[in-house]
Amino acid sequence: MSTKKYIRFIDSSYKTLFHLPDGGRIRITLSDGKQQDRVCRFLDECHTQVGSTIYHICELAEQMERNGAKCEPLDYIQEPEFYRRYFFTADGNSKGPAYYIIDEIETHGFAFAPKGAKKGQKYCVFEILEPTPGRRQMGSVIHWGGTLRDIRPQDWGFDTKKIKAVTQRPKSKSGPER
């Protein structure tokens, strides 16, 4: 069982907006355009500490909506294992590697395979079929890519900051320490 804790952010209808790792930061944009960055701590499945204030996750959502404020993650969950897995294949017949679904928009999803993908198939964009109650159903892959530059997730409307945080590892520094 994982000891990592993740904070769920929702709207007032309990629709999940995003998840944040424990100790991650959010940016709150107030109705007048001012921004505040806050560190968030996991307390339990329904409570989080934002800065120095403790909230029920729905209380936070309702307060944001009431004040016309929005929040967005500044840190993302980087472990692919957190995300749903699906097995996409190019030919539809053989079993492929595990792809992790990193981002979804209304009609499409973005996934990547950290291991075992064929050349040119590390990343994919797939269709989302009519959602079934409680779970969206994956359709077929409509675009494959070996690099993020090949697949251009920004052209599809995906969250590129999140995708890069999960799929790209920081380059190691070379040269002497400063």
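Given the structure is predicted, the values throughout are model-derived calculations rather than measurements.
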Using 0.5 Å steps for rounding, measure from the CD1 atom of Ile10 to the CD1 atom of Ile7. 13.0 Å
Which heavy-atom pair separates Val166 from Ile102 by the least distance, and what is that distance? CG1-CD1, 3.5 Å
Tell me the closest heavy-atom pair linking Trp144 and Ile151, and the distance in Å. C-CD1, 4.1 Å
Of all heavy-atom pairs between Pro97 and Phe87, which one has the smallest distance, and what is that distance? O-CD2, 3.5 Å
Walk me through it: do His108 and Ile128 pass the test side chain to side chain contact (heavy atoms under 4.5 Å, CB included)? CA-CA 5 Å; His108 295 89; Ile128 294 178; 5.5 Å; no
Under the 3.5 angstrom rule, does the side chain of Asp37 hit a backbone N or O of Arg27 as a donor-acceptor pair? no
Asn67 side chain vs Met64 backbone, donor-acceptor pair below 3.5 Å: no
Between His47 and Tyr55, is the gap from one ring center to the other below 6.0 Å? no
State plainly whether one hydrophobic cluster holds both Leu60 and Leu30, where clusters connect Ile, Leu, Val, Met, Phe, Trp and Tyr through side-chain heavy atoms under 4.5 angstrom apart. yes
Where Ala98 and Arg85 come nearest, the two heavy atoms and their spacing: CB-CD, 3.9 Å
Salt-bridge test for Arg8 and Glu45: reply yes if a basic N is under 4.0 Å from a carboxylate O, no otherwise. no
Could you check Arg84 against Glu104 for salt bridge (charged side-chain N to carboxylate O under 4.0 Å, His left out), going step by step and ending with a plain yes or no? CA-CA 11 Å; Arg84 269 189 306 155; Glu104 294 180 50; 2.4 Å; yes
I'd like to know if Asp159 and Lys162 make a salt bridge, using a cut-off of under 4.0 Å between side-chain N and carboxylate O. no
Euclidean distance, Lys70 NZ relative to Glu65 CD, rounded to 0.5 Å: 7.5 Å
Test side chain to side chain contact (heavy atoms under 4.5 Å, CB included) applied to Phe18 and Cys71, step by step: CA-CA 10 Å; Phe18 60 89; Cys71 71; 3.9 Å; yes
Looking only at the aromatic ring of each residue, does the gap between the centers of Tyr86 and Tyr99 stay below 6.0 angstrom? no
To the closest 0.5 Å, what do you measure between CG (Leu43) and CZ (Arg41)? 10.0 Å
Would you say Leu17 ends up clustered with Leu74 if hydrophobic residues are merged whenever their side chains have heavy atoms under 4.5 Å apart, either directly or through other cluster members? no
Distance, nearest 0.5 Å, that separates CZ of Arg38 from OG1 of Thr48: 13.0 Å
Minimum-distance pair of heavy atoms, taken over all atoms of Phe9 and Cys40: CZ-SG, 3.9 Å
Answer with yes or no whether the hydrophobic clustering places Ile54 together with Val50; edges join I, L, V, M, F, W, Y residues whose side-chain heavy atoms lie under 4.5 Å apart. no
With rounding to the nearest 0.5 angstrom, report the CG to CD distance, Asp150 to Gln121. 11.5 Å
Are Tyr83 and Ile101 close enough that some pair of their side-chain heavy atoms sits under 4.5 Å apart? no
Test side chain to side chain donor-acceptor pair (under 3.5 Å) on Gln154 and Thr160; report intermediate values, then the result. CA-CA 6 Å; Gln154 66 274 16; Thr160 55; 5.8 Å; no
Are the side chain of Asp22 and the backbone N or O of Tyr6 linked by a donor-acceptor pair below 3.5 Å? no
Residues Glu72, Arg25: salt bridge by 4.0 Å N-O rule: no
Going by side-chain contact (heavy atoms from CB on, under 4.5 Å), Pro153 matches just one of Thr167, Leu148, Asp103, Val125. Which one? Leu148
Please determine whether residues Trp156 and Phe112 belong to a single hydrophobic cluster, defined as Ile, Leu, Val, Met, Phe, Trp and Tyr linked transitively by side-chain heavy-atom distances below 4.5 Å. yes
Is Val39 reachable from Tyr76 through a run of hydrophobic residues whose side-chain heavy atoms are each under 4.5 Å from the next? no
Euclidean distance, Asp11 CG relative to Thr16 OG1, rounded to 0.5 Å: 8.5 Å
Ser12 (side chain) donor-acceptor with Glu62 (main chain) under 3.5 angstrom: no
Distance-minimising heavy-atom pair for Pro114 and Tyr100: CD-CD1, 3.6 Å
Check the pair Tyr14, Cys58 against side chain to side chain contact (heavy atoms under 4.5 Å, CB included), reporting the backbone distance first and the verdict last. CA-CA 7 Å; Tyr14 278 84; Cys58 195; 3.4 Å; yes
